[in-house]
Amino acid sequence: MKRQVRRFEKYRDVMNEVLKGSGVAIYSGGKKEIVIKKIHESFDYIESHAQDTPYFMALADGKLMGSKCSRCGRAYATPHAYCSECGTGTDWFDLPEGGKIHCHSVSKYGGGRFLKQAPFSLILVKFENVDSYLMAEYIPEEILELKRMKKEKEKTGADSASDAEYNKKIWEVYYKIKNGTRVKPKFRRDPHFDVRDVYFVPVE
Ligand SMILES: [Zn+2]
């Protein structure tokens, strides 16, 4: 090969070279060698909220709305211009003040701009008398503790011991969060007119 490219057997070392080194590396830990390279992309994405606009305007004012079918009464916890059951148009209604965790996750990684937010927890919120769920970020004290731990780990330079401790902690937090926990919404002080203008915390 005309150009010398470093080879690594461990994928972690490949990523280090690709992200922080020359931008290209060969992974040689498998049956066949694989060239892996970094591509930098950046673009502006223009988004129109169209018929969902009232939802995001309410969200910016600290209010969660759902949509309810005017014919069969099916209620959705998210913007839903037409009913999935019968196809009829829906009307907006105010969601209850709080709900319960239906299921949850704790993520160590995220794509694109969400990578910096990690670790984070996503939950599906079940509201009483509402037929679908709302996905949102969940920020209990345990998640804030995880975030502090990650920051500290980055500041001191991660070694495999602190990595293991961090991974263990992630699982601990995952098991500590219980489905069925009562949660309430909190709203961002500086709304961005997107779904992250709301997040949930436990009801004390
Ligand atoms: Zn319907």
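Both ligands and their constituent atoms are indexed starting at 1 by order of listing.
Identified under the side-chain hydrogen bond (donor to acceptor under 3.5 Å, both in side chains) test for residues 29-38, with sequence neighbours left out: R7-E33.
Between Y76 and H80, the ring-plane angle classifies as parallel under the 30° and 60° cut-offs. Relative ring orientation between F56 and H49 is described as parallel, the plane-to-plane angle staying below 30° on a 0-90° scale split at 30° and 60°.
The closest donor-acceptor contact from the side chain of S67 to the backbone of D91 lies at 3.5 Å or more, if one exists at all.
Side chain to side chain, K108 and N167 meet the donor-acceptor criterion of an N or O pair below 3.5 Å.
Listed by chain and number, the protein N, O or S atoms at a distance under 2.8 Å from the Zn ion (ligand 1) are C69 SG, C72 SG, C83 SG, C86 SG.
Aromatic pair Y11/Y27: centroids less than 6.0 angstrom apart.
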